[in-house]
Amino acid sequence: MYIFLAMIPAFLWGTTYAVTKYAMPDWPPILLGALRALPAGLVLWLVKPSLPKVGQWRPLLLLALVNIALFFAFIFVMAVNLPAAIAGVGMVSVPVVALLYAWLVKGQRPAIIQAICALSLVFLAWLLFDPQEVSLTLIGMVALFASMLCIVVGSALVQKFSLHIHWWTVLTWQLILGGGLLACAAIVQALYFQPHAYAVLQEPIANQQWQAIVWLVLPNTAVAYSLYVWLLGRMSVVEFTFGTIANPIAGIVTAVLLLAETYQGWQYALMMAMIVFSVAPQGVQLLRTRWGNKKASI
């Protein structure tokens with residue numbers, strides 16, 4: 001049940017790359033991150049106001065830095081520097097990073113089926129991301145890996161802090177604080193480092209750009225993150241990351257519809273294979289559970 005709910009935020013997040021490239025390809029990634037996080041956090045706070053206790057500010061600030069500020073910045077760097085469908089499919093490899101993190105940091109060895117599928121994802125990703133076949137940039141690939149690491153570490157922090165802080169407070173204040181950090185970084189960047197990058201804002205904001213901002217703030221962030229934080233109180237990080245199967249589906253669909261991106265048949269086949277291997281461990285576990293229940297009832 002929960003794995004299907006986990007696919008909803010993953011699908012909404014998967015639209016980020018194409019929507020950004022379609023409506024705001026020249027906007028600075030740090031500014032886009034601030035515009036996505038801070039308004040969403042304020043909207044959620046208005047729905048149900050909350051205020052962290054004195055001892056809760058430090059962990060919430062750490063969470064906001066990893067799970068929002070750094071993650072959103074990397075996501076929009078990906079959106080600008082990678083093909084939209086490739087960015088979405090690349091996020092299917094999140095379970096690989098989650099398994100490695102659980103093994104190396106928490107000492108939780110992966111199941112055999114998880115290890116096999118993880119290695120298969122790495123191999124398929126290597127084939128798909130062949131620089132001779134797909135136009136890639138080093139900064140885009142670094143941002144892809146960094147964003148996956150932020151998801152895993154950030155999700156672990158959400159679970160840890162939600163044991164002592166109400167999940168709604170965790171949800172709203174990570175967005176408000178993370179968006180605030182990004183807004184401050186955007187101001188510093190605009191004033192001192194890359195003022196030319198913000199020249200695009202001198203032009204009137206078009207209707208499709210307003211629509212994109214509303215999409216990124218409300219469904220893409222406010223709704224998706226509400227489900228995400230709530231589900232992490234009921235699923236493990238590894239279980240949740242296998243729900244990211246919906247991310248590439250959204251990435252591929254929106255890339256085709258909004259950007260008219262096209263790929264060869266074998267590239268679509270590799271994308272589909274990555275999706276299959278990402279969901280296979282959950283499928284095998286479900287079959288084992290049903291088989292065990294069936295045997296027990298005989």
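One is the number of the first residue; the rest follow in order along the sequence.
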Residues 42-60, side-chain donor-acceptor partners within the protein, below 3.5 Å, at least two apart:
from  : atom 1 : to    : atom 2 : distance (Å)
Trp45 : NE1    : Ser50 : O      : 2.8
Gln56 : OE1    : Lys53 : N      : 2.9

Pairwise distance [atom1]([X]) to [atom2]([Y]) - rounded to 0.5 angstrom:
X	Y	atom1	atom2	value
Ile68	Leu181	CD1	CG	10.5 Å
Ile165	Lys160	CD1	NZ	11.0 Å
Trp173	His166	CH2	NE2	15.5 Å
Leu32	Ile213	CG	CD1	8.0 Å
Leu65	Cys150	CG	SG	8.5 Å

Cluster partners of Ile113, using ILVMFWY side-chain heavy atoms under 4.5 angstrom, listed by chain and number?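 Once heavy-atom contacts under 4.5 Å are chained together, Ile113 belongs with Val284.
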Report the hydrophobic cluster partners of Val142, with the cluster defined as I, L, V, M, F, W, Y residues connected by side-chain heavy atoms closer than 4.5 angstrom, directly or transitively.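 Traced through the cluster, Val142 reaches Leu138.
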Nearest heavy-atom pair of [X] and [Y]: which atoms, and what distance?
X	Y	answer
Val217	Pro39	CG1-CB, 3.8 Å
Thr254	Gly14	OG1-O, 4.1 Å
Ser226	Leu171	OG-CD2, 3.4 Å
Ala64	Gly178	CB-N, 3.4 Å
Leu182	Ala73	CD2-CB, 4.4 Å
Val19	Ala212	CG1-CB, 3.7 Å

Atom [atom1] of residue position [X] - does it have more than 12 heavy atoms of other residues, nucleotides or ligands inside 6.0 Å?
X	atom1	answer
Phe71	CZ	yes
Phe161	CZ	yes
Arg234	CZ	yes

Transitive ILVMFWY side-chain link [X] to [Y], under 4.5 Å:
X	Y	result
Leu63	Leu177	yes
Leu82	Leu257	yes
Leu70	Val80	no
Leu163	Val158	no
Phe76	Val214	yes

In chain order, what residues pass the side-chain contact (heavy atoms from CB on, under 4.5 Å) check against [X], with sequence neighbours excluded?
X	answer
Leu201	Trp27, Leu31, Tyr198
Phe145	Met148
Val153	Val66, Tyr101, Leu149, Leu157
Asn220	Trp13, Thr15, Thr16, Arg36, Trp215, Leu216

Is there a side-chain contact between [X] and [Y] (heavy atoms, below 4.5 Å)?
X	Y	answer
Gln174	Val229	yes
Leu144	Phe74	no
Ile139	Met78	no

ring-ring contact (aromatic ring centres under 6.0 Å, His included) partners of Trp210, counting only residues at least two apart: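 Here no residue qualifies.
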Who passes ring-ring contact (aromatic ring centres under 6.0 Å, His included) against Phe72, sequence neighbours left out?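 By the ring-ring contact (aromatic ring centres under 6.0 Å, His included) rule, Phe72 matches Tyr225.
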Return all side-chain donor-acceptor pairs below 3.5 angstrom for residues 114-125, not counting sequence neighbours, or 'none' if the list is empty.
from   : atom 1 : to     : atom 2 : distance (Å)
Gln114 : OE1    : Ala111 : N      : 3.1
Ser120 : OG     : Ile116 : O      : 2.8

Using modelled atom types only, decide if a donor and an acceptor are shared between the side chain of [X] and the backbone of [Y] within a distance under 3.5 Å.
X	Y	value
Gln159	Leu232	yes
Gln209	Ala23	yes
Lys21	Asn81	no

List the steps, then state whether side chain to side chain contact (heavy atoms under 4.5 Å, CB included) holds for Leu175 with Leu38. CA-CA 6 Å; Leu175 288 168; Leu38 186 54; over 6 Å; no
Only counting residues at least two apart or in another chain, list the ones meeting side chain to side chain donor-acceptor pair (under 3.5 Å) with Ser155.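 Per chain and number, Ser155 pairs via side chain to side chain donor-acceptor pair (under 3.5 Å) with Tyr228.
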Please enumerate all residues that pass side chain to side chain donor-acceptor pair (under 3.5 Å) together with Gln194, with sequence neighbours excluded.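 Side chain to side chain donor-acceptor pair (under 3.5 Å) check on Gln194 returns Gln189.
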Decide side chain to side chain contact (heavy atoms under 4.5 Å, CB included) for Leu227 and Met7; before the verdict, give the C-alpha distance in whole Å, the side-chain angles of both, and the deciding distance to 0.1 Å. CA-CA 10 Å; Leu227 264 175; Met7 292 179 185; over 6 Å; no
Checking Val223 against Leu218 for the side chain to side chain contact (heavy atoms under 4.5 Å, CB included) test, could you report, in this order, the C-alpha distance in whole Å, the side-chain angles of both residues, the deciding distance, and whether it holds? CA-CA 6 Å; Val223 174; Leu218 296 180; 5.7 Å; no
